[in-house]
Structures are given as C-alpha cells and as structure tokens.
Amino acid sequence: MVHNFRVIRTDLAPDALPLDDSSFQVDEAQVEVVGSLSEFPAGETQQLSVELASDSYVLICNVPTHYQAGMSTAFTVE
Ligand SMILES: [Cu+2]
C-alpha cells in the first residue's frame, strides 16, 4: 500500500481537518500545506526538509481514506 505525507500548519485538532467527502481526503484547498511528499510504497524511506515557523502543525497521510483511518498526528514548533 502506498502512502503520502503532508505537513499542515493549523490550530485544528489532528482529527478535525476539513474533509472532501467526494474524494475521501482532507480538502487541501482549505488548509495550509507547508510541506509534502508524493505517494511512495510501504517500506521505503524518504526525507523531507521544511523550515517551520513557531506554530501548531498536523502531519497526515492524504491517500484516500488514510486520514480517516487515523494517519495523523499533531506537533508544535516553539
Ligand atoms: Cu497512508
């Protein structure tokens, strides 16, 4: 199964991002994506460098249905 990776700057809870009900994904037009990786296969390692301002962020996988399945976590940059 492939996954992707999005870094989203938001004050929303990690399970409260806006959804696009037709594509079963987080609606990226309604959030601020500040970093991302395209889909890549399970077991593969990729690296992403992003300069982040002090704020709240949520990491998600936005392959259809994956966010709803719990692929998200929040973190804060201080
Ligand atoms: Cu995924």
Side-chain angles (χ1 to χ4, degrees):
M1 183 176 286
V2 299
H3 300 279
N4 66 25
F5 193 80
R6 301 286 186 266
V7 184
I8 296 169
R9 184 177 184 170
T10 181
D11 290 326
L12 295 171
D15 62 353
L17 300 183
L19 296 175
D20 178 342
D21 291 327
S22 61
S23 68
F24 305 101
Q25 292 169 290
V26 169
D27 186 351
E28 294 186 16
Q30 293 188 55
V31 293
E32 183 183 358
V33 177
V34 296
S36 66
L37 291 171
S38 300
E39 292 184 3
F40 57 94
E44 186 174 298
T45 299
Q46 295 201 7
Q47 293 189 7
L48 173 66
S49 296
V50 187
E51 271 194 44
L52 299 175
S54 298
D55 210 340
S56 300
Y57 297 86
V58 174
L59 301 176
I60 68 166
C61 173
N62 208 18
V63 169
T65 73
H66 287 203
Y67 171 76
Q68 294 90 324
M71 294 183 201
S72 65
T73 193
F75 68 95
T76 303
V77 175
E78 296 182 339

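Read the numbers this way: they start at 1 and go in the same order the structure lists the ligands and their atoms.
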Any donor-acceptor pair under 3.5 Å from Asp27 side chain to Pro18 backbone: no
Expected output: side-chain Glu39 to main-chain Val63 donor-acceptor under 3.5 Å: no
Cut-off under 2.8 Å, centre the Cu ion (ligand 1), protein N/O/S atoms: His3 ND1, Cys61 SG, His66 ND1, Met71 SD
Residue pair Leu12 / Val58, side-chain heavy-atom distance below 4.5 Å: no
Side chain to side chain donor-acceptor pair (under 3.5 Å): pairs with one or both residues in residues 6-16, sequence neighbours excluded: Arg6-Glu28, Arg9-Asp55
Separation between CG of Asn4 and CE of Met71, rounded to the nearest 0.5 Å: 10.0 Å
Greater than 12 external heavy atoms within 6.0 Å of Glu44's CD: yes
